[in-house]
Enquirer: 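The structure that follows is given in the form of structure tokens.
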Amino acid sequence: MFRPPRPFGIWTSLVLLCGGGLFLTGSAGAQTLEISASSVQGPGWQAQHLQASLQTDSSYTAHLQVQAGVVAMGKQRVWQKMQGHCKLQTQYGWSCSGLQLTVSGSPWGELQSDGRLQVLRSDGAGSLQLHLQGATFGHTTLRIHSGATGHWQLQARGDLALKGWVPALQMLPAKWQAGGAMHWQLTSDGKSWSRINQLHFVARLYKGQFSSPDGLQAAQNVAATLTGDGQWLRHWQGQLQLRWTQGGVLWSPWYWAAPVRPVVVHSDWQQTAEQWRLNRGRIDWPELGTARFTVSQSLHGGSMRWDLHDVDVGLEPLFAHWIKPLLPASSFAAQALLAGRLRFSVAGVPALHALRWDLQGGSFSSPPMSLQGVSSHGAWDEHSPLESAVFHWQRATLYHIPLGPVALRLALHPGGFALYHPLDIHLLGGVLHFQQLSGHWRGAHSGFAMRGDLKGLSMRSLTRIMHWPPFTGTIQATIPELTYHAGTIHTSGELSAGIFGGEVRVRDLQVQNFLGVMPLLRANVSVQGLQLKPLTEAFHFGYISGVLDGNLRHLYLLNWSPEAFQARFATVKTPGVPQKISYQAVQNITKLGGGAGIGGFFQGMFLRLFNTFSYRHLGMGVDLANGIAELSGVGTENGGFVILQGQGLPRVDIVGYNHRVSWDELLARLKTAMETGPQVHTGE
């Protein structure tokens with residue numbers, strides 16, 4: 001019959017293995033065996049100051065006491081000191097009952113444990129029961145059963161206090177705070193102690209929370225459940241599922257709150273000798289949409305590969321919770337409202353290298369523009385020299401100007417895009433023609449560029465939409481190459497447009513924060529050959545005929561309102577064009593220059609007898625800075641500035657004496673002049 005070895009033989013063998021010291025004392029019927037070792041170590045772990053004492057009081061009963069000093073795994077100290085004792089019986093095998101352990105100096109503070117260890121003599125089966133607890137550790141119950149053939153089963157469960165576990169395992173950076181509790185269960189089995197065949201675990205988080213010192217990362221009252229299983233079939237493989245049911249997470253600039261129905265993430269997983277992989281993953285996020293994913297990482301280094309595919313999301317929640325937090329609060333895009341259904345796939349290693357998308361029923365609305373009936377589809381690949389994209393809209397507005405339907409096709413290359421064919425956009429009876437439209441998103445000068453022209457835009461329609469005085473005619477314009485980078489528009493040439501029989505040229509154009517809340521425009525503008533008759537008819541200013549030249553230098557518009565400029569405008573004699581002015585226009589120019597109009601009863605009655613007056617020179621200068629306008633004219637007279645120099649009989653001169661006036665007051669004078677009623681018709 002097999003009989004297990006006496007305790008003396010067992011501990012003698014352990015001494016030989018440890019290379020420690022052995023002391024044997026005692027009298028008849030009682031023996032004491034002590035074993036010690038200064039250090040024992042293995043791959044990745046080390047234990048110091050080990051000591052065991054076995055005291056027998058009969059042939060089958062003994063008292064075992066053990067203690068150990070510092071035990072470390074890698075750089076992590078498991079404990080500073082451990083002490084334990086139990087009653088060891090060997091009559092029917094090995095049975096260590098009343099097992100008591102005390103651990104001090106662990107990352108979780110003081111720990112207490114009790115349990116039982118048993119190995120049966122009849123078939124070699126064994127079992128271990130252990131209960132471990134601590135104030136910051138929580139508590140854990142462990143049960144292991146082993147059969148004679150080597151097959152074993154493990155069951156463990158416990159409740160963990162995250163306040164102690166998170167800093168102990170360095171799961172968050174130092175000085176971060178964490179709280180909450182986690183209940184967990186684990187079952188596993190194997191055919192030998194050298195290999196686990198399968199396992200299953202469940203971890204439930206309650207009232208989880210964390211916060212960084214600056215408060216930019218935090219979570220509150222989070223509830224989630226993580227379940228998983230695995231089995232060994234030439235390599236490890238299994239399934240994982242995460243359910244987030246409660247709480248909110250702030251990871252600046254994002255904030256996510258758990259929806260009414262839980263967020264569910266499910267995936268298969270596998271680990272081989274070469275890599276680990278999450279495969280056939282799926283994300284179900286209520287009120288947002290669904291997605292599938294794959295992630296893999298080589299165990300021998302290299303970049304992580306990821307693939308997010310078959311994504312089907314609502315554009316409104318995607319923008320509100322994932323894209324908008326990344327945008328500057330002052331940008332026009334941050335104020336946008338989006339709608340539609342977006343399907344897309346993206347992949348990276350780890351940076352983005354491929355993208356496919358399909359947008360249907362989209363809309364975009366944000367001052368100063370809106371798009372309705374938007375659809376788009378296309379593909380882009382970092383390693384493909386050419387892909388394509390299609391973009392449609394049915395209706396659009398830009399600064400309240402309606403734009404016709406557009407069907408846009410782009411050629412995509414790894415670093416940007418370009419038009420396949422020239423593009424026409426119909427607006428206000430005219431056509432905006434894009435000969436060139438291209439963009440690039442790599443390098444220090446990422447942005448887009450365009451070149452084209454504008455033909456036949458109706459001034460009447462434009463002035464009605466912009467609430468300006470009604471103009472007549474059309475605008476023809478040439479647009480040189482415009483470039484957009486980092487919110488700023490530049491032009492490399494000169495913009496020109498025909499209006500009121502003359503030509504307006506814009507040079508040195510720059511618009512900062514073009515689509516932002518407070519755009520700033522800088523430019524130099526020159527006017528040549530402007531016909532005053534149609535201009536004054538449009539503004540109801542009073543009849544003036546002649547040809548006007550001038551310029552605005554150093555023009556600054558903030559949010560499209562003048563902040564500063566230096567303006568000079570004056571008439572030039574032109575063959576075939578008379579220089580005449582009506583009584584009403586004389587009155588209005590006088591008021592604009594700061595006078596009270598043509599005074600005196602008899603003088604007024606006399607001048608009213610004439611419909612128009614001839615003039616030699618008409619002009620005015622305005623220098624605007626800090627809200628104050630400095631006024632000047634075409635000459636000086638008696639300390640004043642000449643605005644109108646008359647000619648013939650009756651001769652009418654207009655001289656202004658108020659050189660400085662607030663810009664708001666000057667605008668008020670101009671508005672009053674244009675609201676004085678219908679002009680006098682001359683029959684010309």
Side-chain angles (χ1 to χ4, degrees), residues 330-332 368-369 398-399 401 425 427 430 432-440 443-455 457 459 462 466 468 471 475-531 535 547-572 619-632 663 666-667:
S330 60
S331 68
F332 90 105
M369 67 183 301
L398 178 62
Y399 289 106
I401 300 173
I425 299 179
L427 68 162
L432 177 60
H433 175 74
F434 290 92
Q435 183 64 34
Q436 172 199 349
L437 178 61
S438 60
H440 50 281
H445 300 287
S446 59
F448 67 81
M450 60 163 287
R451 177 171 53 85
D453 55 60
L454 176 64
K455 296 180 180 179
L457 185 142
M459 286 295 298
L462 178 63
M466 303 302 290
W468 295 343
F471 297 170
I475 294 179
Q476 319 293 328
T478 300
I479 305 173
E481 185 174 67
L482 292 177
T483 59
Y484 176 87
H485 169 67
T488 299
I489 286 181
H490 297 268
T491 178
S492 59
E494 182 179 82
L495 285 82
S496 62
I499 183 172
F500 294 121
E503 186 176 34
V504 178
R505 299 177 181 231
V506 181
R507 299 179 303 277
D508 309 316
L509 176 65
Q510 181 185 98
V511 184
Q512 296 177 339
N513 199 26
F514 173 60
L515 296 175
V517 177
M518 297 290 285
L520 173 62
L521 180 147
R522 294 183 173 92
N524 290 303
V525 182
S526 64
V527 176
Q528 189 173 16
L530 192 70
Q531 299 289 328
L535 176 64
V547 177
L548 191 71
D549 286 354
N551 58 72
L552 281 87
R553 296 174 56 82
H554 309 301
L555 172 64
Y556 288 79
L557 301 181
L558 181 61
N559 201 25
W560 313 115
S561 295
E563 287 291 306
F565 58 77
Q566 298 172 1
R568 300 290 185 273
F569 293 96
T571 56
V572 293
M620 192 170 184
V622 180
D623 292 351
L624 174 64
N626 300 319
I628 301 298
E630 294 275 354
L631 306 182
S632 59
W663 175 247
L666 187 62
L667 290 179

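For the single chain, residues carry numbers from 1 onward in sequence order. In this text the structure is predicted, and so the values were computed from the model without any measurement.
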Enquirer: Sorted by first residue and then second, give each salt bridge (charged side-chain N to carboxylate O under 4.0 Å, His left out) pair with at least one member in residues 490-499; sequence neighbours left out.
Expert: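 For residues 490-499, and leaving out neighbouring residues, the salt bridge (charged side-chain N to carboxylate O under 4.0 Å, His left out) pairs sorted by first residue read Glu494-Arg505, Glu494-Arg507.
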Enquirer: For the residue pair Trp560 and Tyr399, categorise the inter-ring angle as parallel (less than 30°), tilted (30 to 60°) or perpendicular (more than 60°).
Expert: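 Judged by the thresholds at 30° and 60°, the geometry between Trp560 and Tyr399 is perpendicular.
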Enquirer: Which residues satisfy the salt bridge (Lys or Arg N to Asp or Glu O under 4.0 Å) test with Asp623, sequence neighbours excluded?
Expert: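 Partners of Asp623 by the salt bridge (Lys or Arg N to Asp or Glu O under 4.0 Å) criterion, ordered by chain and then number, come out as Arg568.
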Enquirer: Could you give the distance from OH (Tyr484) to NE2 (His490), rounded to the nearest 0.5 Å?
Expert: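 With rounding to 0.5 Å, OH (Tyr484) is 10.5 Å from NE2 (His490).
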Enquirer: For Trp663 versus Val622, what's the shortest heavy-atom pair and its separation?
Expert: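 Here Trp663 and Val622 meet closest at CZ3-CG1, 4.4 Å.
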Enquirer: At what distance, to the nearest 0.5 angstrom, does OG1 of Thr491 lie from CG of Leu482?
Expert: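 Reported value, rounded in 0.5 Å steps: 5.0 Å.
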Enquirer: Under 3.5 Å, side chain of Asn551 to main-chain N/O of Val527, donor-acceptor pair present?
Expert: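 Answer holds: no.
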Enquirer: Nearest 0.5 Å, please: how far is CE in Met450 from OG1 in Thr483?
Expert: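 Result: 11.0 Å between the selected atoms.
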Enquirer: Count the heavy atoms of every other residue, nucleotide or ligand shown that sit under 6.0 Å from CD of Gln528, and state whether that count exceeds 12.
Expert: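 Count not over threshold, so no.
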Enquirer: Roughly how far apart are Leu427 CG and Leu398 CG, rounded to 0.5 Å?
Expert: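 Taking CG in Leu427 and CG in Leu398, the distance rounds to 9.0 Å.
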Enquirer: Do you know which two heavy atoms are closest between Leu666 and Ala629, and how far apart they sit?
Expert: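 Heavy atoms only, the tightest pair is CD2-CB, 4.2 Å.
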Enquirer: How close do Gly529 and Val547 get, counting heavy atoms only, and between which atoms?
Expert: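 Answer, listing the atom of Gly529 first, then Val547: CA-CG1, 3.5 Å.
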Enquirer: Just how far is it from atom CD1 of Ile479 to atom CD of Gln435, taken to the nearest 0.5 Å?
Expert: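 Here the rounded value is 12.0 Å.
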Enquirer: Find the distance between NE2 (His433) and CD1 (Ile425) and round it off to the nearest 0.5 Å.
Expert: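 One gets 11.5 Å once the value is rounded to the nearest 0.5 Å.
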Enquirer: Sequence neighbours excluded and cut-off under 3.5 Å, please list the side-chain donor-acceptor pairs for residues 517-525, or say none.
Expert:
from: Arg522; atom 1: NH1; to: Gln510; atom 2: OE1; distance (Å): 3.3
from: Arg522; atom 1: NH1; to: Gln512; atom 2: OE1; distance (Å): 3.4
from: Asn524; atom 1: OD1; to: His554; atom 2: N; distance (Å): 2.7
from: Asn524; atom 1: ND2; to: Asp508; atom 2: OD2; distance (Å): 2.8

Enquirer: Taking all non-hydrogen atoms of both residues into account, name the closest pair between Ile499 and Val504 and its distance.
Expert: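 Result for this residue pair: CG2-CG2, 3.5 Å.
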